Amino acid sequence: PFIEHHLIAVRLFNQDSDYEGKETVFESFDGGVSWSPKSITKVIQYEFDPTFQNIEYVLCLSGTFNEYYQLLKSTDDGLTWSMKLQVNRYNPPEGLQSLLVDSYTSGRIFITKEYYGSGRIDSSEVLRSTDFGENWNRFYVINNPSENYRTLNMVVPIPHNSNRLYILKTSGVDTTDDGGNTWHTI
């Protein structure tokens with residue numbers, strides 16, 4: 001149920017540092033007068049489903065040594081969480097970098113993923129789910145990028161046209177008008 005004065009605050013975890021602080025999701029049910037922590041720490045990104053407000057997604061680090069990137073989903077306002085995606089940060093070295101819950105197409109989620117090797121990024125890809133994170137498919141891939149730093153930054157959908165998307169990269173912008181079947185650089 002919708003609570004009129006329910007607020008969420010997120011203190012994000014810097015995944016590129018070794019700082020072990022308490023980066024947590026806090027919530028308030030009294031318009032921000034008092035706050036209490038939720039059960040998730042090491043939060044990288046926090047998103048609500050725009051269609052179903054009781055559905056929440058958290059991209060976070062977990063494990064004793066923060067060795068896993070996880071995408072967690074809650075369907076009960078954050079009381080319980082289920083893991084929808086997990087990659088090992090160290091063996092093989094992979095990373096989940098950004099999350100987008102599409103505001104225009106219900107159930108559609110994008111996440112950027114990178115594979116590391118020899119001190120550089122070997123490849124990057126965008127994964128897409130069309131069923132609220134239950135199943136994932138490769139949507140967009142960059143193999144052997146020339147840059148030695150994050151190559152995929154964000155996926156941007158366009159209102160009122162679910163087939164048009166933009167992929168923001170360090171080297172430019174790619175776009176599709178057919179839902180990802182063909183891409184061109186702009």
Side-chain angles (χ1 to χ4, degrees), residues 7-17 23-27 37-63 66-89 93-116 121 123-142 145 149-159 162-170 173-176 179-180 183:
L7 301 172
I8 297 289
V10 180
R11 187 170 52 192
L12 297 178
F13 176 72
N14 181 353
Q15 62 191 351
D16 297 322
S17 77
E23 292 70 22
T24 307
V25 177
F26 296 89
E27 66 183 337
K38 291 184 125 181
S39 60
I40 305 294
T41 61
K42 305 293 188 268
V43 174
I44 298 167
Q45 193 169 345
Y46 193 94
E47 296 281 337
F48 286 96
D49 187 291
T51 308
F52 303 99
Q53 293 194 1
N54 64 319
I55 299 178
E56 305 169 37
Y57 298 92
V58 173
L59 179 58
C60 62
L61 288 173
S62 68
N66 298 320
E67 64 264 32
Y68 298 104
Y69 284 95
Q70 291 183 334
L71 176 64
L72 305 177
K73 176 183 173 184
S74 174
T75 57
D76 57 10
D77 292 317
L79 296 175
T80 60
W81 297 89
S82 61
M83 184 175 43
K84 296 301 167 188
L85 190 60
Q86 175 175 288
V87 299
N88 191 316
R89 189 175 176 193
E94 301 175 324
L96 300 177
Q97 302 302 325
S98 66
L99 165 69
L100 173 79
V101 179
D102 193 336
S103 299
Y104 311 107
T105 304
S106 184
R108 190 164 76 162
I109 305 166
F110 298 93
I111 197 160
T112 59
K113 182 178 180 183
E114 295 177 339
Y115 300 89
Y116 308 99
I121 297 171
S123 65
S124 298
E125 65 186 13
V126 176
L127 303 177
R128 176 178 62 181
S129 173
T130 57
D131 57 6
F132 298 92
E134 297 301 317
N135 297 288
W136 295 90
N137 295 302
R138 278 190 178 146
F139 180 67
Y140 179 91
V141 178
I142 299 175
Y149 46 89
R150 184 162 296 143
T151 53
L152 292 172
N153 297 321
M154 183 182 302
V155 178
V156 180
I158 301 304
S162 62
N163 286 320
R164 179 175 291 167
L165 296 164
Y166 293 93
I167 304 267
L168 306 180
K169 309 180 302 178
T170 54
V173 177
D174 284 356
T175 187
T176 180
W183 292 89

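The structure presented is a predicted model; accordingly, all values stated were derived computationally and were not measured.
Partner of Phe110 under the ring-ring contact (aromatic ring centres under 6.0 Å, His included) criterion, chosen from Phe139, Tyr57, Trp136: Phe139.
For the pair Arg164 and Thr176, the minimum side-chain heavy-atom distance is 4.5 Å or more. Put simply, the side chain of Phe132 does not reach to within 4.5 Å of the side chain of Thr75, judged on heavy atoms. Here the side chains of Ile44 and Tyr69 are in contact, with some heavy-atom distance below 4.5 Å. Counting heavy atoms from C-beta outward, Tyr104 and Ser162 have side chains that stay 4.5 Å or more apart. Within the 4.5 Å cutoff, the side chain of Pro50 has heavy atoms near those of the Val101 side chain.
Between Met83 and Gln70, the shortest heavy-atom contact is SD-NE2, 3.2 Å. Contact between Cys60 and Val43 at its shortest, heavy atoms only, is CB-CA, 4.1 Å. Between Ser129 and Gly133, the shortest heavy-atom distance links the atoms OG-N, 2.8 Å.
In this structure Glu134 satisfies the salt bridge (Lys or Arg N to Asp or Glu O under 4.0 Å) test together with Lys73, Lys84, sequence neighbours excluded. Every salt bridge (Lys or Arg N to Asp or Glu O under 4.0 Å) that Arg108 has, sequence neighbours left out, goes to Asp102.
In this structure, OG in Ser98 is found 8.0 Å from CG in Leu59, a value given to the nearest 0.5 Å. To the nearest 0.5 Å, the span separating CZ on Arg89 from CD on Glu67 amounts to 9.5 Å. Put simply, CD on Glu125 and CD1 on Ile167 are 11.0 Å apart, with the number rounded to the nearest 0.5 Å. In this structure, Asn135 CG and Leu85 CG are separated by 11.0 Å, a value rounded to the nearest 0.5 Å. Distance check: Leu96 CG to Leu127 CG gives 7.5 Å after rounding to the nearest 0.5 Å.
Between the Thr175 side chain and the Leu165 main chain, a donor and an acceptor come within less than 3.5 Å of each other.
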